[in-house]
Amino acid sequence: MGIVPGMIKGLGVTAKTAYDTMFPDGPLKPPSPSKGAVTVQYPHEKETPTARARGVIALQEDNCTACMLCARECPDWCIYIEGHKEKAPPRRAGGKPRQKNKLDRFDIDFALCMYCGICVEVCPFDALFWSPEYEFSEPRIADLLHDKSRLAEWMETVPDFESYESGSEAKVRKVPR
Amino acid sequence: MIGLAFWIETTFRSAGGLAAVLLPAGPLVYLYLFKMMSFMQSRLGPMEAGPAGSMQLLAEVGKFLQKEDLFPAKADRIVFAAAPFVVLVSSFLLVVVVPFGPDAWFVNLDTGVFFAMAVSSVSVIGILMAGWASASKYSMLGGLRAAGQLIAYELPLVLAVMGVVIQAGTLNMQDIVLAQAEGEIFGFGGIGNPFIITQFLGFVIFMIAMQAELTQPPFDMPVAESELVTGYITEYSGMRFLLFFIGEFATAGIFAMIASVLFLGGWWVPGIDPDSNLFNILGPAVMFAKVLGVTFLVFWFRITYPRFREDQLQKLAWKVLIPLSLLNIVITGILKVAF
Ligand code: SF4
Ligand code: SF4
(Lines give C-alpha, C1' and ligand atoms only; values in the text may rest on other atoms or scores of the structure.)
(Ligands and ions follow the chains in the order given, each with its own letter.)
Protein backbone atom coordinates (compact mmCIF):
# COMPACT_ATOMS: atom_id res chain seq x y z
CA MET A 1 0.00 0.00 0.00
CA GLY A 2 1.33 3.42 -0.87
CA ILE A 3 1.99 6.05 1.76
CA VAL A 4 -1.02 8.22 1.01
CA PRO A 5 -3.69 5.48 0.82
CA GLY A 6 -2.24 4.02 4.01
CA MET A 7 -2.50 7.35 5.78
CA ILE A 8 -6.10 7.79 4.65
CA LYS A 9 -6.89 4.31 5.89
CA GLY A 10 -5.37 5.27 9.25
CA LEU A 11 -7.70 8.26 9.48
CA GLY A 12 -10.56 5.89 8.73
CA VAL A 13 -9.59 3.62 11.60
CA THR A 14 -9.63 6.41 14.18
CA ALA A 15 -12.86 7.84 12.77
CA LYS A 16 -14.53 4.44 12.89
CA THR A 17 -13.40 3.86 16.47
CA ALA A 18 -14.78 7.24 17.48
CA TYR A 19 -18.07 6.44 15.73
CA ASP A 20 -18.32 3.02 17.36
CA THR A 21 -17.66 4.57 20.75
CA MET A 22 -20.21 7.36 20.31
CA PHE A 23 -22.98 5.38 18.63
CA PRO A 24 -22.81 1.77 19.77
CA ASP A 25 -26.51 1.28 18.86
CA GLY A 26 -26.34 2.73 15.39
CA PRO A 27 -26.59 6.31 14.13
CA LEU A 28 -30.28 6.80 14.94
CA LYS A 29 -30.06 6.20 18.68
CA PRO A 30 -28.72 8.96 20.96
CA PRO A 31 -24.97 8.71 21.50
CA SER A 32 -24.01 6.67 24.54
CA PRO A 33 -20.26 6.59 24.80
CA SER A 34 -20.29 4.92 28.20
CA LYS A 35 -21.70 1.86 26.48
CA GLY A 36 -19.52 2.04 23.41
CA ALA A 37 -16.19 2.46 25.18
CA VAL A 38 -14.22 -0.66 25.96
CA THR A 39 -13.12 0.79 29.29
CA VAL A 40 -15.16 0.91 32.51
CA GLN A 41 -15.26 3.83 34.94
CA TYR A 42 -13.28 2.10 37.63
CA PRO A 43 -14.45 3.14 41.07
CA HIS A 44 -18.09 3.10 39.96
CA GLU A 45 -17.93 -0.07 37.96
CA LYS A 46 -15.57 -2.96 38.47
CA GLU A 47 -14.44 -5.69 36.19
CA THR A 48 -13.86 -9.15 37.59
CA PRO A 49 -10.25 -10.11 37.03
CA THR A 50 -9.61 -13.48 35.46
CA ALA A 51 -9.32 -16.30 37.96
CA ARG A 52 -5.56 -16.64 37.54
CA ALA A 53 -4.81 -12.93 37.64
CA ARG A 54 -1.82 -11.95 39.77
CA GLY A 55 -3.38 -9.67 42.32
CA VAL A 56 -1.91 -10.45 45.70
CA ILE A 57 0.05 -13.32 47.23
CA ALA A 58 -1.59 -15.54 49.82
CA LEU A 59 0.25 -17.66 52.40
CA GLN A 60 -0.89 -21.03 53.70
CA GLU A 61 0.97 -20.85 56.98
CA ASP A 62 0.72 -24.53 57.92
CA ASN A 63 2.54 -25.57 54.78
CA CYS A 64 5.43 -23.18 55.10
CA THR A 65 8.61 -24.74 56.47
CA ALA A 66 10.54 -21.48 56.65
CA CYS A 67 12.94 -22.90 54.09
CA MET A 68 13.68 -19.37 52.87
CA LEU A 69 13.73 -20.39 49.23
CA CYS A 70 11.19 -17.73 48.29
CA ALA A 71 13.01 -15.03 50.22
CA ARG A 72 16.28 -15.86 48.50
CA GLU A 73 14.82 -16.08 45.01
CA CYS A 74 12.81 -12.90 45.27
CA PRO A 75 14.48 -10.40 42.93
CA ASP A 76 13.41 -7.50 45.14
CA TRP A 77 14.25 -9.11 48.48
CA CYS A 78 10.90 -8.05 49.75
CA ILE A 79 10.04 -11.22 51.68
CA TYR A 80 11.09 -11.23 55.32
CA ILE A 81 11.07 -14.57 57.14
CA GLU A 82 12.02 -15.45 60.69
CA GLY A 83 11.41 -18.81 62.31
CA HIS A 84 12.47 -21.16 65.07
CA LYS A 85 12.64 -24.91 65.54
CA GLU A 86 10.04 -26.72 67.59
CA LYS A 87 9.60 -30.29 68.71
CA ALA A 88 6.51 -31.92 67.27
CA PRO A 89 5.01 -35.19 68.52
CA PRO A 90 6.21 -38.31 66.63
CA ARG A 91 4.16 -39.54 63.71
CA ARG A 92 3.98 -43.11 65.01
CA ALA A 93 3.71 -44.18 68.62
CA GLY A 94 7.12 -44.80 70.12
CA GLY A 95 8.97 -42.79 67.51
CA LYS A 96 11.34 -39.93 68.11
CA PRO A 97 9.78 -36.46 68.42
CA ARG A 98 10.06 -34.62 65.09
CA GLN A 99 11.66 -31.30 64.56
CA LYS A 100 9.55 -28.65 62.88
CA ASN A 101 10.25 -25.13 61.70
CA LYS A 102 7.75 -22.69 63.08
CA LEU A 103 7.23 -19.27 61.43
CA ASP A 104 7.62 -16.23 63.65
CA ARG A 105 7.43 -13.69 60.93
CA PHE A 106 6.50 -13.84 57.27
CA ASP A 107 6.09 -10.42 55.65
CA ILE A 108 5.81 -9.45 52.02
CA ASP A 109 6.35 -5.80 51.23
CA PHE A 110 3.93 -5.12 48.40
CA ALA A 111 5.40 -1.66 47.98
CA LEU A 112 8.51 -3.38 46.63
CA CYS A 113 7.03 -6.53 45.12
CA MET A 114 6.84 -6.51 41.34
CA TYR A 115 4.42 -9.40 41.07
CA CYS A 116 6.86 -11.56 39.15
CA GLY A 117 5.54 -14.70 40.82
CA ILE A 118 8.95 -16.27 41.35
CA CYS A 119 8.20 -16.89 45.02
CA VAL A 120 5.00 -18.71 44.14
CA GLU A 121 6.81 -20.81 41.54
CA VAL A 122 9.73 -21.65 43.74
CA CYS A 123 7.93 -22.70 46.90
CA PRO A 124 8.32 -26.50 47.13
CA PHE A 125 5.69 -26.96 49.81
CA ASP A 126 2.60 -25.31 48.29
CA ALA A 127 2.56 -22.49 50.77
CA LEU A 128 2.25 -19.49 48.44
CA PHE A 129 -0.62 -18.84 46.01
CA TRP A 130 -1.79 -16.08 43.73
CA SER A 131 -5.09 -14.44 44.54
CA PRO A 132 -6.85 -12.22 41.98
CA GLU A 133 -7.77 -9.59 44.61
CA TYR A 134 -6.23 -6.26 43.66
CA GLU A 135 -7.80 -3.64 45.91
CA PHE A 136 -5.36 -3.36 48.77
CA SER A 137 -3.93 0.11 48.30
CA GLU A 138 -3.15 2.04 51.47
CA PRO A 139 -2.78 5.71 52.32
CA ARG A 140 0.46 4.93 54.14
CA ILE A 141 3.14 3.10 52.19
CA ALA A 142 4.31 1.21 55.29
CA ASP A 143 0.91 -0.47 55.50
CA LEU A 144 1.64 -2.28 52.26
CA LEU A 145 3.84 -4.62 54.30
CA HIS A 146 1.48 -7.55 54.82
CA ASP A 147 2.31 -9.76 57.77
CA LYS A 148 1.57 -13.44 57.97
CA SER A 149 -1.92 -13.12 59.37
CA ARG A 150 -2.85 -10.66 56.61
CA LEU A 151 -1.28 -12.93 53.98
CA ALA A 152 -3.18 -15.87 55.43
CA GLU A 153 -6.47 -13.97 55.07
CA TRP A 154 -5.92 -13.76 51.33
CA MET A 155 -6.02 -17.58 51.24
CA GLU A 156 -9.82 -17.43 51.21
CA THR A 157 -9.79 -15.56 47.92
CA VAL A 158 -7.52 -18.04 46.10
CA PRO A 159 -9.54 -19.79 43.38
CA ASP A 160 -9.28 -23.54 42.78
CA PHE A 161 -6.88 -24.68 40.12
CA GLU A 162 -8.53 -25.33 36.81
CA SER A 163 -8.90 -28.97 35.91
CA TYR A 164 -6.58 -30.21 33.20
CA GLU A 165 -7.70 -31.38 29.78
CA SER A 166 -9.29 -34.80 29.79
CA GLY A 167 -6.69 -37.52 29.28
CA SER A 168 -3.98 -35.57 31.04
CA GLU A 169 -1.70 -37.81 33.11
CA ALA A 170 -0.79 -35.12 35.59
CA LYS A 171 -2.48 -35.04 38.95
CA VAL A 172 -4.60 -31.93 39.43
CA ARG A 173 -3.16 -29.80 42.20
CA LYS A 174 -5.40 -28.80 45.02
CA VAL A 175 -5.39 -25.53 46.88
CA PRO A 176 -5.03 -26.44 50.55
CA ARG A 177 -7.97 -25.06 52.51
CA MET B 1 -15.54 53.42 13.53
CA ILE B 2 -17.30 55.56 16.08
CA GLY B 3 -14.96 57.99 17.78
CA LEU B 4 -14.16 56.64 21.24
CA ALA B 5 -11.66 57.88 23.77
CA PHE B 6 -8.31 56.26 23.19
CA TRP B 7 -8.30 54.45 26.52
CA ILE B 8 -11.79 53.02 25.98
CA GLU B 9 -10.81 51.75 22.59
CA THR B 10 -7.62 50.24 24.00
CA THR B 11 -9.54 48.50 26.78
CA PHE B 12 -12.00 47.07 24.27
CA ARG B 13 -9.19 45.88 22.07
CA SER B 14 -7.29 44.24 24.92
CA ALA B 15 -10.42 42.49 26.18
CA GLY B 16 -11.25 41.38 22.65
CA GLY B 17 -7.73 40.11 22.09
CA LEU B 18 -7.76 38.14 25.33
CA ALA B 19 -11.13 36.66 24.43
CA ALA B 20 -10.04 35.80 20.88
CA VAL B 21 -6.92 34.01 22.13
CA LEU B 22 -8.20 32.27 25.24
CA LEU B 23 -11.86 31.53 24.52
CA PRO B 24 -11.29 29.08 21.66
CA ALA B 25 -8.49 27.30 23.56
CA GLY B 26 -10.78 25.88 26.27
CA PRO B 27 -13.38 24.30 23.95
CA LEU B 28 -10.58 22.99 21.72
CA VAL B 29 -8.90 21.21 24.62
CA TYR B 30 -12.17 19.82 25.96
CA LEU B 31 -13.77 18.85 22.66
CA TYR B 32 -10.77 17.47 20.86
CA LEU B 33 -7.99 16.65 23.31
CA PHE B 34 -10.20 15.27 26.06
CA LYS B 35 -13.24 13.89 24.27
CA MET B 36 -12.50 13.20 20.61
CA MET B 37 -9.13 11.68 21.44
CA SER B 38 -10.75 9.45 24.05
CA PHE B 39 -13.48 8.31 21.70
CA MET B 40 -10.96 7.57 18.99
CA GLN B 41 -9.20 5.36 21.52
CA SER B 42 -12.47 3.77 22.63
CA ARG B 43 -12.51 5.26 26.10
CA LEU B 44 -14.46 8.00 27.82
CA GLY B 45 -11.92 10.60 28.88
CA PRO B 46 -12.53 12.81 31.91
CA MET B 47 -15.97 12.15 33.39
CA GLU B 48 -15.80 13.28 37.02
CA ALA B 49 -15.36 17.08 37.01
CA GLY B 50 -18.66 18.67 35.97
CA PRO B 51 -21.22 17.10 33.60
CA ALA B 52 -19.34 14.69 31.32
CA GLY B 53 -16.06 16.06 32.60
CA SER B 54 -16.62 19.51 31.10
CA MET B 55 -15.02 21.29 34.08
CA GLN B 56 -11.89 19.17 33.86
CA LEU B 57 -9.83 21.98 32.38
CA LEU B 58 -10.67 24.26 35.32
CA ALA B 59 -9.63 21.48 37.67
CA GLU B 60 -6.34 21.15 35.81
CA VAL B 61 -5.72 24.88 35.94
CA GLY B 62 -6.44 24.85 39.68
CA LYS B 63 -4.00 22.00 40.11
CA PHE B 64 -1.23 23.73 38.17
CA LEU B 65 -1.71 26.99 40.05
CA GLN B 66 -1.10 25.21 43.35
CA LYS B 67 2.18 23.74 42.21
CA GLU B 68 5.54 25.14 43.14
CA ASP B 69 7.24 27.31 40.55
CA LEU B 70 10.54 25.43 40.33
CA PHE B 71 13.76 26.76 38.86
CA PRO B 72 16.63 24.36 38.11
CA ALA B 73 19.73 25.26 40.13
CA LYS B 74 21.82 26.20 37.12
CA ALA B 75 19.05 27.84 35.12
CA ASP B 76 19.38 31.32 33.76
CA ARG B 77 16.56 32.59 35.94
CA ILE B 78 15.42 35.65 34.02
CA VAL B 79 15.42 34.00 30.61
CA PHE B 80 13.86 30.87 32.06
CA ALA B 81 11.06 32.87 33.67
CA ALA B 82 10.41 34.98 30.57
CA ALA B 83 10.34 32.20 27.97
CA PRO B 84 6.69 31.07 28.38
CA PHE B 85 5.52 34.65 28.07
CA VAL B 86 7.42 35.13 24.81
CA VAL B 87 5.68 32.04 23.43
CA LEU B 88 2.29 33.34 24.54
CA VAL B 89 2.99 36.81 23.16
CA SER B 90 3.40 35.37 19.68
CA SER B 91 -0.18 34.05 19.81
CA PHE B 92 -1.45 37.47 20.88
CA LEU B 93 0.48 39.16 18.09
CA LEU B 94 -0.98 36.73 15.57
CA VAL B 95 -4.58 37.45 16.47
CA VAL B 96 -4.05 41.16 15.88
CA VAL B 97 -4.49 40.91 12.10
CA VAL B 98 -7.35 38.39 12.03
CA PRO B 99 -10.61 39.99 10.88
CA PHE B 100 -13.86 38.85 12.54
CA GLY B 101 -16.32 40.92 10.54
CA PRO B 102 -16.49 43.84 8.09
CA ASP B 103 -15.72 46.28 10.93
CA ALA B 104 -14.73 43.83 13.66
CA TRP B 105 -10.98 43.76 13.47
CA PHE B 106 -8.12 44.83 15.71
CA VAL B 107 -5.80 46.27 13.08
CA ASN B 108 -6.50 46.32 9.37
CA LEU B 109 -2.95 46.08 8.06
CA ASP B 110 -2.33 46.29 4.34
CA THR B 111 0.39 43.68 4.82
CA GLY B 112 -1.66 41.49 7.17
CA VAL B 113 -0.57 38.15 5.77
CA PHE B 114 3.07 39.19 5.83
CA PHE B 115 2.72 40.33 9.45
CA ALA B 116 1.06 37.08 10.50
CA MET B 117 3.75 34.95 8.90
CA ALA B 118 6.45 37.08 10.50
CA VAL B 119 5.17 37.09 14.08
CA SER B 120 4.30 33.41 14.00
CA SER B 121 8.04 32.75 14.21
CA VAL B 122 8.41 34.75 17.42
CA SER B 123 7.44 31.64 19.36
CA VAL B 124 10.68 29.99 18.16
CA ILE B 125 12.61 32.55 20.18
CA GLY B 126 10.61 31.70 23.29
CA ILE B 127 11.16 28.00 22.75
CA LEU B 128 14.89 28.44 22.20
CA MET B 129 15.02 30.60 25.34
CA ALA B 130 13.26 27.89 27.32
CA GLY B 131 15.53 25.19 25.94
CA TRP B 132 18.74 27.07 26.55
CA ALA B 133 17.93 28.58 29.93
CA SER B 134 16.80 25.31 31.51
CA ALA B 135 20.42 24.09 31.71
CA SER B 136 19.29 20.58 30.88
CA LYS B 137 20.38 18.48 27.92
CA TYR B 138 16.86 17.34 27.17
CA SER B 139 15.53 20.88 27.10
CA MET B 140 18.46 22.00 25.01
CA LEU B 141 17.92 19.28 22.40
CA GLY B 142 14.20 19.92 22.43
CA GLY B 143 14.74 23.62 21.87
CA LEU B 144 17.13 23.02 19.00
CA ARG B 145 14.80 20.52 17.38
CA ALA B 146 11.93 22.97 17.72
CA ALA B 147 13.98 25.73 16.12
CA GLY B 148 15.05 23.51 13.21
CA GLN B 149 11.52 22.28 12.69
CA LEU B 150 9.80 25.64 12.91
CA ILE B 151 12.26 27.28 10.53
CA ALA B 152 11.98 24.39 8.05
CA TYR B 153 8.19 24.51 8.04
CA GLU B 154 7.94 28.28 7.99
CA LEU B 155 9.00 28.11 4.32
CA PRO B 156 6.23 25.88 2.95
CA LEU B 157 3.77 27.77 5.14
CA VAL B 158 4.72 31.10 3.59
CA LEU B 159 4.97 29.67 0.10
CA ALA B 160 1.55 28.02 0.41
CA VAL B 161 0.06 31.34 1.43
CA MET B 162 1.69 32.96 -1.62
CA GLY B 163 -0.77 31.16 -3.89
CA VAL B 164 -3.69 32.71 -2.04
CA VAL B 165 -2.05 36.12 -2.13
CA ILE B 166 -1.47 35.88 -5.88
CA GLN B 167 -5.04 34.83 -6.50
CA ALA B 168 -6.56 37.47 -4.25
CA GLY B 169 -4.11 40.11 -5.42
CA THR B 170 -3.69 41.53 -1.91
CA LEU B 171 -1.87 40.96 1.37
CA ASN B 172 -4.70 42.47 3.39
CA MET B 173 -6.60 39.78 5.33
CA GLN B 174 -9.84 41.73 5.13
CA ASP B 175 -9.54 42.05 1.35
CA ILE B 176 -8.72 38.34 1.04
CA VAL B 177 -12.05 37.57 2.74
CA LEU B 178 -13.83 39.97 0.39
CA ALA B 179 -12.06 38.49 -2.63
CA GLN B 180 -13.42 35.09 -1.66
CA ALA B 181 -16.89 36.48 -0.97
CA GLU B 182 -17.11 38.28 -4.29
CA GLY B 183 -15.18 35.74 -6.35
CA GLU B 184 -16.68 33.45 -8.92
CA ILE B 185 -15.74 29.99 -10.07
CA PHE B 186 -16.11 29.82 -13.86
CA GLY B 187 -18.77 32.47 -13.75
CA PHE B 188 -20.72 30.86 -10.88
CA GLY B 189 -20.77 33.09 -7.83
CA GLY B 190 -23.33 31.31 -5.64
CA ILE B 191 -20.81 30.21 -3.03
CA GLY B 192 -18.25 32.87 -3.84
CA ASN B 193 -14.80 31.47 -4.33
CA PRO B 194 -13.42 30.00 -1.12
CA PHE B 195 -9.76 29.49 -1.96
CA ILE B 196 -9.82 25.95 -0.60
CA ILE B 197 -11.32 24.99 -3.97
CA THR B 198 -8.95 26.77 -6.30
CA GLN B 199 -5.96 26.54 -3.98
CA PHE B 200 -6.52 23.01 -2.73
CA LEU B 201 -2.84 22.08 -3.01
CA GLY B 202 -1.97 25.23 -1.10
CA PHE B 203 -4.50 24.31 1.59
CA VAL B 204 -3.03 20.82 1.99
CA ILE B 205 0.50 22.19 2.26
CA PHE B 206 -0.68 24.88 4.66
CA MET B 207 -2.37 22.30 6.89
CA ILE B 208 0.73 20.07 7.00
CA ALA B 209 3.05 23.00 7.69
CA MET B 210 0.62 24.32 10.30
CA GLN B 211 0.60 20.97 12.05
CA ALA B 212 4.39 21.18 12.21
CA GLU B 213 4.39 24.81 13.32
CA LEU B 214 2.08 23.89 16.17
CA THR B 215 4.38 20.95 17.05
CA GLN B 216 1.33 18.74 17.17
CA PRO B 217 1.94 15.04 16.57
CA PRO B 218 3.06 13.59 14.16
CA PHE B 219 5.45 16.55 14.25
CA ASP B 220 6.09 16.66 18.00
CA MET B 221 9.79 15.80 17.99
CA PRO B 222 10.63 18.84 20.17
CA VAL B 223 8.69 17.27 23.03
CA ALA B 224 9.21 13.62 22.03
CA GLU B 225 8.59 12.10 25.42
CA SER B 226 10.28 8.78 24.70
CA GLU B 227 13.53 10.49 23.72
CA LEU B 228 13.61 13.89 25.41
CA VAL B 229 11.35 13.58 28.47
CA THR B 230 9.26 16.56 27.31
CA GLY B 231 11.88 18.56 25.44
CA TYR B 232 12.00 22.25 26.18
CA ILE B 233 9.20 22.04 28.78
CA THR B 234 11.00 19.39 30.86
CA GLU B 235 12.07 21.74 33.64
CA TYR B 236 8.89 23.78 33.83
CA SER B 237 6.25 23.30 36.47
CA GLY B 238 3.13 24.95 37.77
CA MET B 239 2.07 28.25 36.28
CA ARG B 240 4.79 28.42 33.63
CA PHE B 241 4.03 24.94 32.37
CA LEU B 242 0.40 25.98 32.17
CA LEU B 243 1.39 28.98 30.03
CA PHE B 244 3.15 26.69 27.56
CA PHE B 245 0.11 24.44 27.54
CA ILE B 246 -2.32 27.30 26.96
CA GLY B 247 0.04 28.74 24.35
CA GLU B 248 0.01 25.48 22.43
CA PHE B 249 -3.75 25.35 22.12
CA ALA B 250 -4.32 29.08 21.78
CA THR B 251 -1.89 29.08 18.86
CA ALA B 252 -3.71 26.11 17.37
CA GLY B 253 -6.92 28.13 17.52
CA ILE B 254 -5.33 31.21 15.97
CA PHE B 255 -3.58 29.34 13.18
CA ALA B 256 -6.95 27.78 12.45
CA MET B 257 -8.41 31.31 12.26
CA ILE B 258 -5.74 32.30 9.76
CA ALA B 259 -6.37 29.14 7.75
CA SER B 260 -10.08 29.86 7.67
CA VAL B 261 -9.48 33.46 6.59
CA LEU B 262 -7.11 32.41 3.83
CA PHE B 263 -8.89 29.34 2.52
CA LEU B 264 -12.44 29.12 3.88
CA GLY B 265 -13.74 32.64 3.44
CA GLY B 266 -13.15 33.89 6.99
CA TRP B 267 -16.20 35.46 8.63
CA TRP B 268 -18.25 35.26 5.45
CA VAL B 269 -20.93 32.65 4.70
CA PRO B 270 -22.59 32.30 1.30
CA GLY B 271 -25.98 33.92 0.85
CA ILE B 272 -25.44 37.13 2.81
CA ASP B 273 -24.07 40.35 1.38
CA PRO B 274 -20.51 40.71 2.75
CA ASP B 275 -21.06 44.42 3.41
CA SER B 276 -24.04 43.68 5.63
CA ASN B 277 -23.73 44.91 9.20
CA LEU B 278 -25.03 41.54 10.36
CA PHE B 279 -21.55 40.10 9.93
CA ASN B 280 -20.16 42.21 12.77
CA ILE B 281 -22.27 40.04 15.09
CA LEU B 282 -22.41 36.84 13.09
CA GLY B 283 -18.78 36.97 11.94
CA PRO B 284 -17.11 35.83 15.16
CA ALA B 285 -19.54 32.89 15.40
CA VAL B 286 -18.89 31.92 11.78
CA MET B 287 -15.16 32.16 12.43
CA PHE B 288 -15.51 29.98 15.51
CA ALA B 289 -17.39 27.34 13.53
CA LYS B 290 -14.71 27.35 10.83
CA VAL B 291 -11.98 27.21 13.48
CA LEU B 292 -13.66 24.16 14.98
CA GLY B 293 -13.66 22.57 11.54
CA VAL B 294 -9.99 23.26 10.87
CA THR B 295 -8.83 22.22 14.33
CA PHE B 296 -10.88 19.05 13.97
CA LEU B 297 -8.57 18.13 11.09
CA VAL B 298 -5.49 19.12 13.09
CA PHE B 299 -6.47 16.97 16.04
CA TRP B 300 -7.66 14.11 13.89
CA PHE B 301 -4.19 13.93 12.32
CA ARG B 302 -2.64 14.34 15.73
CA ILE B 303 -4.53 11.39 17.15
CA THR B 304 -4.07 9.13 14.14
CA TYR B 305 -0.42 9.33 13.19
CA PRO B 306 2.67 8.24 15.10
CA ARG B 307 5.63 10.60 15.43
CA PHE B 308 8.07 11.04 12.53
CA ARG B 309 11.78 10.62 12.93
CA GLU B 310 13.80 13.84 12.91
CA ASP B 311 15.35 13.23 9.46
CA GLN B 312 12.02 12.19 7.93
CA LEU B 313 10.59 15.45 9.21
CA GLN B 314 13.26 17.54 7.52
CA LYS B 315 13.02 15.48 4.33
CA LEU B 316 9.28 16.05 4.15
CA ALA B 317 9.72 19.79 4.45
CA TRP B 318 12.64 20.32 2.07
CA LYS B 319 12.10 17.61 -0.51
CA VAL B 320 8.32 17.42 -0.75
CA LEU B 321 6.52 20.45 0.63
CA ILE B 322 8.78 23.24 -0.61
CA PRO B 323 9.00 21.99 -4.25
CA LEU B 324 5.24 21.37 -4.23
CA SER B 325 4.47 24.83 -2.93
CA LEU B 326 6.83 26.40 -5.48
CA LEU B 327 4.98 24.47 -8.16
CA ASN B 328 1.72 25.76 -6.73
CA ILE B 329 2.98 29.33 -6.99
CA VAL B 330 4.07 28.84 -10.60
CA ILE B 331 0.72 27.31 -11.62
CA THR B 332 -1.26 29.97 -9.78
CA GLY B 333 0.82 32.68 -11.42
CA ILE B 334 0.33 31.27 -14.89
CA LEU B 335 -3.41 30.84 -14.38
CA LYS B 336 -3.71 34.32 -12.92
CA VAL B 337 -2.09 35.81 -16.02
CA ALA B 338 -4.03 33.54 -18.39
CA PHE B 339 -7.50 34.35 -17.01
S1 SF4 C 1 6.21 -11.85 43.38
FE2 SF4 C 1 8.37 -11.63 42.92
S3 SF4 C 1 8.89 -9.66 43.80
FE4 SF4 C 1 6.96 -10.25 44.72
S5 SF4 C 1 7.50 -11.25 46.59
FE6 SF4 C 1 7.33 -12.85 45.03
S7 SF4 C 1 9.38 -13.11 44.23
FE8 SF4 C 1 9.35 -11.18 45.36
S1 SF4 D 1 6.73 -19.91 51.51
FE2 SF4 D 1 7.54 -21.77 50.59
S3 SF4 D 1 9.54 -21.22 49.79
FE4 SF4 D 1 8.93 -19.59 51.20
S5 SF4 D 1 9.84 -20.19 53.16
FE6 SF4 D 1 7.77 -21.01 53.14
S7 SF4 D 1 7.99 -23.08 52.33
FE8 SF4 D 1 9.87 -22.01 51.84
Side-chain angles (χ1 to χ4, degrees), chain A residues 1-51 53-55 75 111-112 114-116 132-141, chain B residues 28 30-54 56 200-201 203-205 207-209 211-212 216-219 292-309 311-313 315-317 319-321 323-324:
Chain A
M1 198 183 287
I3 290 177
V4 173
M7 293 185 81
I8 291 172
K9 195 174 170 201
L11 288 175
V13 170
T14 42
K16 175 147 194 327
T17 312
Y19 172 80
D20 288 346
T21 311
M22 294 261 296
F23 301 101
D25 307 315
L28 300 177
K29 300 276 167 53
S32 62
S34 32
K35 196 174 146 208
V38 294
T39 52
V40 300
Q41 294 303 92
Y42 165 61
H44 310 299
E45 250 181 278
K46 286 173 190 166
E47 284 190 319
T48 329
T50 56
R54 297 175 168 196
L112 284 177
M114 56 177 175
Y115 306 91
C116 64
E133 289 297 312
Y134 56 94
E135 287 179 314
F136 53 97
S137 59
E138 299 280 355
R140 270 166 26 98
I141 197 169
Chain B
L28 289 189
Y30 175 68
L31 268 182
Y32 293 139
L33 192 69
F34 287 168
K35 284 301 169 185
M36 191 174 91
M37 185 155 168
S38 307
F39 291 160
M40 288 191 165
Q41 296 168 347
S42 200
R43 59 192 174 89
L44 290 182
M47 289 297 282
E48 298 297 319
S54 49
Q56 180 69 24
F200 189 73
L201 183 60
F203 179 71
V204 171
I205 296 169
M207 287 301 289
I208 296 175
Q211 191 94 3
Q216 296 280 6
F219 300 102
L292 282 184
V294 174
T295 40
F296 169 77
L297 289 180
V298 170
F299 283 91
W300 192 11
F301 300 150
R302 171 196 169 122
I303 294 158
T304 302
Y305 299 128
R307 184 185 305 129
F308 283 123
R309 225 168 43 215
D311 60 319
Q312 293 170 330
L313 163 97
K315 249 184 220 153
L316 177 68
K319 289 192 174 166
V320 181
L321 293 184
L324 269 184

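By convention in this document, chain letters (A, B, ...) are assigned in the order of the sequence lines, proteins followed by strands, and residues within each chain are numbered from 1.
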State whether the number of non-hydrogen atoms from other residues, nucleotides or ligands found under 6.0 Å of A/Leu112 atom CG is greater than 12. yes

Between chain B and chain A, identify all donor-acceptor pairs below 3.5 angstrom, including backbone and side-chain atoms.
{"unit_1": "B/Phe39", "atom_1": "O", "unit_2": "A/Thr21", "atom_2": "OG1", "d": "3.0"}
{"unit_1": "B/Ser42", "atom_1": "O", "unit_2": "A/Val38", "atom_2": "N", "d": "3.1"}
{"unit_1": "B/Ser42", "atom_1": "OG", "unit_2": "A/Val38", "atom_2": "N", "d": "3.4"}
{"unit_1": "B/Glu48", "atom_1": "OE2", "unit_2": "A/His44", "atom_2": "NE2", "d": "3.0"}
{"unit_1": "B/Trp300", "atom_1": "NE1", "unit_2": "A/Leu11", "atom_2": "O", "d": "3.3"}
{"unit_1": "B/Trp300", "atom_1": "NE1", "unit_2": "A/Thr14", "atom_2": "OG1", "d": "3.1"}
{"unit_1": "B/Thr304", "atom_1": "OG1", "unit_2": "A/Thr14", "atom_2": "OG1", "d": "2.8"}
{"unit_1": "B/Tyr305", "atom_1": "OH", "unit_2": "A/Met7", "atom_2": "O", "d": "2.7"}

Going by the rule ring pair (Phe, Tyr, Trp, His ring centres under 6.0 Å), which residues pair with B/Phe219 if we only count those two or more places apart in sequence or in a different chain? B/Tyr153, B/Phe308

